[in-house]
There are 2 protein chains.
Amino acid sequence: MYPGDTEVTDQVGAACPIRDLLDRIGGRWSVRVIEELAGRTRRFTELERAIEGISRRMLARTLRALERDGLLARTVYPTVPATVEYALTPLALGLAALLAALADWARNHRSDVLAARERYDTEHGAPAGASTGAPESR
Amino acid sequence: MYPGDTEVTDQVGAACPIRDLLDRIGGRWSVRVIEELAGRTRRFTELERAIEGISRRMLARTLRALERDGLLARTVYPTVPATVEYALTPLALGLAALLAALADWARNHRSDVLAARERYDTEHGAPAGASTGAPESR
DNA sequence: CAGCATCCAATTCGATACTG
DNA sequence: CAGTATCGAATTGGATGCTG
């Protein structure tokens with residue numbers, strides 16, 4: 001993913017379609033961007049502000065990767081300090097729906113997962129910073 | 001993800017549930033493992049052989065991470081060279097279904113994505129090894 | 001505003017040797 | 001069989017200065 005950069009990796013022929021998809025979607029930000037774009041189009045800076053925590057670089061890279069895969073459309077308006085709008089393509093709509101379902105699952109079972117995790121950490125030796133409410137780190 | 005190791009990272013309080021989920025599922029192998037376990041239980045070495053490309057280390061780490069989150073159950077049979085069986089938990093079943101849907105989407109739209117990618121690479125300058133059928137690299 | 005390039009830190013991953 | 005421990009290589013991600 002993330003083509004046209006010093007960090008070119010690509011590799012196209014993934015055996016498993018899901019892996020193939022996750023290589024695209026699995027990036028730290030792709031899903032956030034798709035969610036943000038679901039419903040309304042956005043401009044670069046709008047996304048940058050809305051997503052919080054994303055760097056200019058990663059936003060640009062994520063947008064390009066999604067654009068390259070035909071998941072989002074980029075429209076440039078020749079205004080003076082150029083304006084660029086991003087929008088999901090029809091293709092991406094179906095995917096966005098699936099992702100929404102996944103998000104629902106995650107929301108509905110968050111407590112189950114958290115509970116399981118806590119139990120696991122208790123039964124086995126709880127690792128260093130792996131308590132339930134560990135604060136941010138990076 | 002992947003607790004209890006030198007490479008501890010964790011960080012629990014993800015703002016977005018989907019991100020939170022992907023941090024767990026987004027690993028290179030989690031989805032493969034879940035798919036492999038869908039339907040039948042498996043033993044460590046069976047998984048290792050079935051998944052192809054996965055290393056002992058990553059399989060062990062992935063299994064542990066999924067177990068910790070309550071997505072799979074590990075059963076040890078006190079035979080002589082110990083036998084261990086892995087199976088999806090009821091909790092994981094729902095997720096597995098969603099992942100299957102995602103896999104379907106990926107399969108059904110693989111050509112669209114590939115086409116979009118090719119078009120993009122043609123219109124813009126095609127990056128080094130980013131042709132359509134580039135062989136493996138990593 | 002939008003976005004690319006460069007430098008650098010943090011993580012992930014793979015191969016492999018070793019153990020109960 | 002079923003892992004764990006260690007090491008080095010590859011990738012990802014963040015900060016930021018620069019340009020049209």
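The chains referred to below are lettered A, B, ... by the order of the sequence lines, with proteins before strands, and numbering in each begins at 1.
- Rounded to whole Å, the distance from CD1 on A:Ile54 to P on C:dA2 is 14 Å.
- To the nearest angstrom, C1' of D:dG3 lies 10 Å from CD of B:Glu48.
- At the phosphate of D:dC1, neither OP1 nor OP2 sits under 4.0 Å from any side-chain N or O atom of B:Tyr86.
- Spacing between atom CZ of B:Arg61 and atom C1' of C:dG14 amounts to 11 Å, rounded to whole angstrom units.
- The heavy-atom pair separating A:Ile34 from A:Ala96 by the smallest distance is CG2-CB, 4.0 Å.
- Here the P atom of nucleotide C:dA2 and the CD atom of A:Glu85 are 9 Å apart, to the nearest Å.
- Evaluation of the side chain to side chain contact (heavy atoms under 4.5 Å, CB included) rule for B:Ile54 yields B:Trp29, B:Ile51, B:Met58, B:Leu59 as partners, not counting sequence neighbours.
- Residues A:Leu47 and A:Tyr77 do not share a hydrophobic cluster, clusters being chains of Ile/Leu/Val/Met/Phe/Trp/Tyr side chains in contact below 4.5 Å.
- In this structure, B:Trp105 and B:His109 have tilted ring planes: the angle between them lies in the 30° to 60° band.
- Straight-line distance from the CE atom of A:Met58 to the C1' atom of C:dA2: 17 Å, rounded to whole Å.
- Taking a pair as Watson-Crick or G-U wobble with both distances under 3.5 Å, DNA chain D forms stems of 3 or more consecutive pairs at C:1-20 with D:1-20.
- Per the geometry, CZ belonging to A:Arg56 stands 13 Å off C1' belonging to C:dA5, to the nearest Å.
- Within 4.0 Å of B:Arg43, counting heavy atoms only, lie sugar-phosphate atoms of the nucleic acid but no base atom.
- Contact of A:Arg57 with C:dG3 (side chain to base): no donor-acceptor pair of N or O atoms is detected under 3.5 Å.
- For the pair B:Asp23 CG and C:dA10 P, the interatomic distance rounds to 18 Å; values are reported in whole Å.
- Screening A:Val84, A:Leu37, A:Val33 for a side chain to side chain contact (heavy atoms under 4.5 Å, CB included) involving A:Arg42 leaves a single residue, A:Leu37.
- If B:Thr83 and A:Ser55 are placed on DNA chain D by their nearest nucleotide, the residue sitting closer to the 5' end is B:Thr83.
- Between A:Phe44 atom CZ and C:dA2 atom P the separation is 7 Å, expressed in whole Å.
- Note on A:Arg64: a side-chain N or O is less than 4.0 Å away from OP1 or OP2 of C:dC4.
- B:Arg49 places a side-chain heavy atom less than 4.5 Å from the side chain of B:Thr45.
- Side-chain atoms of B:Asp104 and B:Arg107, non-hydrogen and from C-beta on, do get closer than 4.5 Å to each other.
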